[in-house]
Amino acid sequence: MSEAFIELKGVEKRFSSLAEDLAVLVDLDLSVQAGQSVSITGASGSGKSTLLSIIGGLDLATKGSVRVGDWDLAGMGERKRTDYRAECVGFVFQFHYLLKDFDAQENVALPALMGGMPRDAAMERAGSLLDAVGLSDRLHHYPSQLSGGERQRAAIARALVNSPPLLLADEPTGNLDAHNALSVQKLIFDLVDRLGTTLILVTHDHDLAHAASTRYELAAGRLSLL
């Protein structure tokens, strides 16, 4: 088997205060191949979002090694981690975080514009992705004019606008009804399969978790393969 795209070894995350020293992740290992889809379930407070934040470069492990492709996250400063997030990672959260004063196409294009892509190219890319997520007729609608499912579809398009090799999704269907949740689930997996994107998602939705090729449960700070 080829070298893993994502490799975590002996990862620990502790939160310390005067009152307590809490270990959320303990000696955690994870290996993910490029193009693989991985779901992580676990009880609330088990550390799922913390683990995703460490992989995404939003937080640092207290101990252990974290490598994604050629990026050594454990040894990075903030500026380098900013570059890593811009070049390597797309994020989808439970809440869409679309900017209310920008229409759908502008919201999706924004990460590309921030990355230096010319405006015409960024808007064309955003329009193409909005078409791919079924929103070609909503390009110039503002978030307040979109349904919850449509806002989350736009957020997925935005996460993919820079063609990141890694997509991290934190409860991406958590705010949606059953119909929209199923639609967004199908969309995410169809897109990552088509684009060859590596996917790691954390979720309480067992239907969503079962759609991944590899499933883990996080408990007592460690991952167990299901």
Side-chain angles (χ1 to χ4, degrees), residues 4-8 11 13 24-25 28-59 61 66 68-69 73 84-85 88-98 111 129 132-133 148-149 151-219 221-226:
F5 175 56
I6 299 171
E7 192 79 53
L8 278 64
V11 167
K13 182 62 179 180
V24 177
L25 305 176
L28 181 145
D29 296 334
L30 175 64
S31 182
V32 180
Q33 297 295 314
Q36 189 176 355
S37 62
V38 173
S39 66
I40 300 172
T41 55
S44 295
S46 61
K48 301 186 301 298
S49 293
T50 298
L51 175 58
L52 215 62
S53 292
I54 289 171
I55 297 171
L58 295 170
D59 200 358
V66 181
V68 179
L73 275 67
Y84 160 73
R85 291 191 297 268
C88 192
V89 189
F91 293 94
V92 179
F93 299 101
Q94 184 172 351
F95 187 69
H96 56 80
Y97 294 112
L98 298 175
L129 280 166
V133 301
R151 288 192 289 266
Q152 195 66 328
R153 284 169 172 266
I156 293 166
R158 181 185 56 192
L160 295 171
V161 73
N162 283 329
S163 302
L166 173 61
L167 181 65
L168 301 178
D170 192 349
E171 298 287 0
T173 61
N175 277 334
L176 303 176
D177 60 36
H179 173 76
N180 277 312
L182 184 60
S183 176
V184 166
Q185 171 186 316
K186 184 177 186 304
L187 173 65
I188 289 174
F189 282 95
D190 283 352
L191 281 173
V192 297
D193 284 346
R194 188 189 316 168
L195 299 173
T197 309
T198 305
L199 170 67
I200 300 181
L201 63 88
V202 302
T203 184
H204 285 100
D205 183 336
H206 286 282
D207 289 334
L208 179 59
H210 277 269
S213 60
T214 305
R215 297 182 293 119
Y216 290 94
E217 181 179 26
L218 180 59
R222 293 183 174 89
L223 290 169
S224 300
L225 189 62
L226 296 177

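Predicted model only: the values in this text are computed from it and were never measured.
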Do Leu98 and Arg158 have side chains that approach each other closer than 4.5 Å (heavy atoms only, starting at C-beta)? yes
Ignoring hydrogens and geometry, is there a side-chain-to-backbone donor-acceptor pair from Thr41 to Glu217 under 3.5 Å? no
Heavy atoms only: give me the nearest Gly56-Phe91 pair and the separation to one decimal. O-CZ, 3.4 Å
Separation between OG (Ser53) and CG (Leu168), nearest 0.5 Å, reads 9.0 Å
Might you confirm whether atom NE2 of His204 has over 12 heavy atoms from other residues, nucleotides or ligands at distances under 6.0 Å? yes
So which atom in Val11 and which in Ile54 form the shortest heavy-atom distance, rounded to 0.1 Å? CG1-CD1, 4.5 Å
In Å, rounded to the nearest 0.5 Å, how long is the span from OG1 of Thr198 to CZ of Phe5? 5.0 Å
So OG of Ser183 and CD1 of Ile188: to nearest 0.5 Å the spacing works out to 10.0 Å
Indicate yes or no for a side-chain donor-acceptor contact from Thr203 to the backbone of Leu208 under 3.5 Å, with no hydrogens or angles considered. no
Rounded to the nearest 0.5 Å, what separates atom OG in Ser39 from atom CG in Leu199? 8.5 Å
Looking at Lys48 and Leu218, what are the two nearest heavy atoms and their distance? N-CD2, 3.5 Å
Side-chain heavy-atom pair Leu223, Leu28 within 4.5 angstrom cut-off: yes
Could you walk me through whether Arg85 and Leu58 pass the side chain to side chain contact (heavy atoms under 4.5 Å, CB included) test, one step at a time? CA-CA 8 Å; Arg85 291 191 297 268; Leu58 295 170; 3.5 Å; yes
Less than 4.0 Å between a side-chain N and a carboxylate O, is that true for Asp29 and Arg222? no
Is the backbone N or O of Leu167 less than 3.5 Å from a side-chain atom of Thr197, with the two atoms forming a donor-acceptor pair by type? no
Look only at the side chain of Asp170 and the backbone of Ser49, and say whether a donor-acceptor pair between them is shorter than 3.5 Å. no
Quick one: does Arg151's side chain have a donor or acceptor within less than 3.5 Å of a partner on Tyr97's backbone? no
With heavy-atom distances below 4.5 Å as the criterion, would you say the side chains of Glu7 and Val32 are in contact? no
Give me the atom names and distance for the closest heavy-atom approach of Leu187 to Arg153. CD2-CG, 3.7 Å
Is a side-chain N or O of Ser46 found less than 3.5 angstrom from the main chain of Ala43, in a donor-acceptor match? yes
When rounded to the nearest 0.5 Å, the distance separating CG of Leu129 from CD1 of Ile156 is 11.0 Å
Donor on one side chain, acceptor on other, Thr173 and Gln185, under 3.5 Å: no
Minimum heavy-atom distance between Val92 and Ala159, given as atom pair plus value: CG2-CB, 3.7 Å
Any Leu226 side-chain heavy atom under 4.5 Å of Tyr216 side chain: no
Pair Ile55, Ile200 - check side chain to side chain contact (heavy atoms under 4.5 Å, CB included), show working. CA-CA 9 Å; Ile55 297 171; Ile200 300 181; 4.0 Å; yes
State the CG-CG distance between Leu30 and Leu51, to the nearest 0.5 angstrom. 6.5 Å
Let me see the working for Val133 and Leu191 under side chain to side chain contact (heavy atoms under 4.5 Å, CB included), right down to the final yes or no. CA-CA 9 Å; Val133 301; Leu191 281 173; 3.8 Å; yes
Which atom names give the shortest non-hydrogen contact between Asn162 and Pro111, and what distance separates them? ND2-O, 3.3 Å
Run the ring-centre check on Phe95 versus Phe93 and record whether the distance is less than 6.0 Å. no
Would you sort out whether Cys88 and Val68 count as a side chain to side chain contact (heavy atoms under 4.5 Å, CB included), showing the intermediate values? CA-CA 9 Å; Cys88 192; Val68 179; 3.9 Å; yes
